*Asks:* 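I'd like to ask you about the structure that follows.
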Amino acid sequence: MGEDLRQVRIEKLDRIREAGINPYPERFERSHTLAEARIAGEDLQEKIAEALAADPEADTKALRIPVKVAGRMVLFRHMGKLCFGRLQDAHSQIQFSLERGKLDADAEKSKESYNFFRKITDIGDFVGVEGFLYFTKKGELTVSAETWTFLGKALRPLAGKHVGLQNQEMAWRQRYLDLISHQDARDRFKARIEITKTIRNFLDQHDFMEVETPILCGTASGAAARPFMTHHNSLDMEVHLRIAPETYLKRLIVAGYDKVYEMARCFRNEGMDPSHLQDFTMLEYYCSYWNYEDNMDFTQKLIQHVIKVVKGSLKFTYGDQELDFSGDWPRLSMRDLVLEHSGIDFEDYPDRDSLLKILDEKKISVENRDAGRGNLIDQLYKKTVRPKLINPMFLTQHPKDLSPLARANDDRPTIVDRFQLVVNTWEIVNAYSELVDPIDQRERLQDQAEAKAAGDDEAMPMDEDYLTAMEYGMPPISGWGMGIDRFTALLTDSQNLRDTVFFPLMRPIVEASEDEDEEGAEKSES
RNA sequence: CAGCGCAUAGCCUAAUGGUAGGGCACCAAACUUUUAAUUUGGGAUGACUGGGGGUUCAAAUCCCUCUGCGCUGACCA
């Protein structure tokens, strides 16, 4: 199985050891990272320009900036007594050169060192180079080596130097190969890191406190979704992985923390497709004394800030869509939007039967005919309105029975004070004025629990612990949740959320064995 | 879970049912300024064209099945 390429490298490894060199040394002291060396190169360029301005005949070769750098060698070409290689790390690349006569004061030793480098290094190996920066005739910043250090052997060859790794499955299973080969992959993950950092900075500056709440919990609440379940041995109990941090964050509001947020890994045991991961990251924050309208103002500021920092502009493209986040985003109620796009004013149909009737008359297909009125409205919205929502807009005032944790509107009790930020047909943010009345909350959870008992396994379970917390009293709150993976996908032009996480979950590859055609061979971790 | 599609060497990519070919990589040689370096030479490698089975004189190609992956749909952010 293609052992020959690997075998050649193992033989080189032996030759390195025979020469008394450790092919996997314990440390290497760098003077510059590759990015820092590039910055030093800019300084060098300025110095050369100054020297030439003062004296056009100046000997600029005397201007030397010593550096000691390291990285993975990703390109190598040699021509007799001179060779060039390229080092790469996560952030940058730099070229280095080796000259046969310049690696040692002793000419013979220098030649030996040069030839040895050529013999035993391969593309993919880690190499350290100490020397000085200069510009080649073609103007490329290069480290001229005075000594080199072997820093780590790669036994397997990298993907082709230009085509890279085209195999999508391998890019997910072995993300490190994707990252080594593709600048756009490195840029994408750099953007994700910058997005979360910028969000944290912004929230911190606005006096939000970052907190951590349980992932393993007795009841998974805070959203309508099927949880992952597992068993806790010491307590001998079933536990769920959280589907949202919501009710714990609200407990902290009860405790007196005014503004809290969590960058929360959440888990939902649902279907898998390009816009859904089962293990995903949701940012939630809660702010005391705000209502959902304050929250919309803040949301717009936060997101515009992040996009400006990460993209440099509030207008950018996603796929073949032009997205424009500038200005104030429109705020439209679900009722008005549905009326506009379907001609149905759902306020005219106060119960599910009459609504179902008009849907049939309008020939709008309904997947789940047993659903309640709120769910039917949701289906109507998703069918007729959402596919048309491209530029950012706030969708507000959802029906109450879709939102068991949201506060009902004071003037119109059938709707709730809620908004979603919709971009490119995706719900990026979901937020509302929180329900803080424990008695109302209990009734709504009871409705949910009944629906759950009746077979709706996505309805919320009763959560007595949370209700107890609520009964100790809550201030007005507005809360907020955003899918970080989706937001990242939007800003990095990723069509699949798996490209926004380093290691998406994949089925294990089971080695085909000849005499075991039964599936009994469960593989345990080795 | 259903429908459609994909799987060829380390990587990338060809092959009307008729000898599995090329590029990169690899090995050897020349070359002091390369930038996907170039030029020359080389062999090796597909023991199973993802695994297994079938049709056929003949299968990468057609059929069945299994595995993995994608896309679309359903549930969901």
Side-chain angles (χ1 to χ4, degrees), chain A residues 1-9 11-12 74-86 93 95-102 114 119 122-124 134-142 144 154-173 177 180-181 223-227 243-244 266 268-278 280-284 367-368 371 375 378-379 382 420-422 426-430 456-458 481-487 489 495-498 504 506-519:
Chain A
M1 9 188 261
E3 284 296 289
D4 49 344
L5 292 174
R6 187 164 173 266
Q7 199 51 48
V8 167
R9 289 174 177 232
E11 281 158 20
K12 289 180 182 178
V74 291
L75 282 177
F76 185 70
R77 40 188 176 267
H78 58 86
M79 50 218 72
K81 302 185 185 73
L82 170 72
C83 60
F84 291 95
R86 177 169 291 266
Q93 295 187 335
Q95 178 169 267
F96 68 91
S97 64
L98 255 55
E99 287 177 76
R100 197 168 72 170
K102 292 192 179 170
Y114 180 83
K119 281 271 180 267
D122 285 296
I123 288 175
Y134 75 110
F135 289 94
T136 64
K137 285 177 185 167
K138 295 276 171 63
E140 172 147 3
L141 181 67
T142 303
S144 175
L155 297 183
R156 295 174 189 251
L158 298 178
K161 52 189 171 188
H162 291 106
V163 284
L165 192 68
Q166 298 304 311
N167 186 325
Q168 177 66 81
E169 183 179 349
M170 216 185 299
W172 287 335
R173 287 191 191 275
L177 297 180
I180 290 168
S181 292
R226 251 177 303 224
I243 55 176
C266 298
R268 296 186 184 179
N269 210 344
E270 309 273 3
M272 180 187 231
D273 68 50
S275 59
H276 297 268
L277 297 170
Q278 281 63 64
F280 66 105
T281 303
M282 186 157 63
L283 169 67
E284 284 200 3
E367 309 293 340
N368 179 5
N375 193 288
D378 194 44
Q379 291 188 54
K382 282 175 181 167
Q420 288 178 323
L421 173 63
V422 184
W426 290 353
E427 285 155 11
I428 300 291
V429 168
N430 186 24
D456 181 354
D457 51 5
E458 277 165 8
M482 173 164 88
I484 292 293
D485 313 281
R486 282 190 178 177
F487 187 55
Q495 310 302 313
N496 191 317
L497 290 192
R498 291 191 194 199
M506 305 285 279
R507 276 210 168 87
I509 297 171
V510 181
E511 294 292 329
S513 58
E514 283 154 32
D515 33 23
E516 270 187 283
D517 39 345
E518 301 305 315
E519 81 276 45

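A quick note: this is a predicted structure, and the numbers were derived from the prediction, not measured.
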*Asks:* Does a side-chain N or O from Lys102(A) land closer than 4.0 Å to OP1 or OP2 of U33(B), or not?
*Replies:* no

*Asks:* Assign Leu277(A) to base, sugar-phosphate, or nothing according to its heavy-atom contacts below 4.0 angstrom with the strands shown.
*Replies:* base

*Asks:* By the 4.0 Å heavy-atom rule, please label Lys161(A) as base, sugar-phosphate, or nothing.
*Replies:* sugar-phosphate

*Asks:* So, does Arg77(A) get its side chain near the phosphate of U34(B), meaning an N or O under 4.0 Å from OP1 or OP2?
*Replies:* no

*Asks:* Mind checking the C1' distance from C24(B) to A44(B)? Whole angstroms is fine.
*Replies:* 16 Å

*Asks:* Please state the C1' separation for the pair G46(B) and A28(B) - nearest whole angstrom.
*Replies:* 24 Å

*Asks:* State, without any angle test, whether Arg86(A) and Gln93(A) hold a side-chain donor-acceptor pair at a distance under 3.5 Å.
*Replies:* yes

*Asks:* Within this structure, what is the NE2-to-C1' distance between His78(A) and U38(B), rounded to whole angstrom?
*Replies:* 12 Å

*Asks:* With heavy atoms under 4.0 Å as the rule, sort Arg507(A) into base, sugar-phosphate or nothing.
*Replies:* sugar-phosphate

*Asks:* If you look at every strand shown and take non-hydrogen atoms under 4.0 Å, does Arg498(A) touch a base, only sugar-phosphate, or nothing?
*Replies:* sugar-phosphate

*Asks:* Any side-chain N or O of Asn496(A) less than 4.0 Å from the OP1 or OP2 oxygen of C71(B)?
*Replies:* yes

*Asks:* Between U35(B) atom P and Phe76(A) atom CZ, what is the distance in whole Å?
*Replies:* 15 Å

*Asks:* Is the shortest distance from a Lys or Arg side-chain nitrogen in Glu11(A) or Lys119(A) to a carboxylate oxygen in the other one below 4.0 Å?
*Replies:* no

*Asks:* For nucleotides G5(B) and U49(B), find the distance between their P atoms and express it as a whole number of Å.
*Replies:* 23 Å

*Asks:* Tell me whether the side-chain N/O atoms of Arg173(A) come closer than 4.0 Å to OP1 or OP2 in C69(B).
*Replies:* yes

*Asks:* Under 4.0 Å, heavy atoms only, any strand: does Met506(A) hit a base, just the sugar-phosphate, or nothing?
*Replies:* sugar-phosphate

*Asks:* Just the rounded figure in Å: distance from P of A37(B) to NZ of Lys138(A).
*Replies:* 13 Å

*Asks:* I'd like the C1' distance from A25(B) over to A37(B), given in whole Å.
*Replies:* 15 Å

*Asks:* Using a heavy-atom cut-off of 4.0 Å across all strands, would you classify Gly483(A) as base, sugar-phosphate, or nothing?
*Replies:* nothing

*Asks:* Could you tell me how far apart Phe96(A) (CZ) and U34(B) (P) are, to the nearest whole angstrom?
*Replies:* 17 Å

*Asks:* Expressed as a whole number of Å, how far does the C1' atom of G70(B) sit from that of A29(B)?
*Replies:* 46 Å

*Asks:* Send over the distance from Leu497(A) CG to C71(B) C1', rounded to a whole Å.
*Replies:* 15 Å

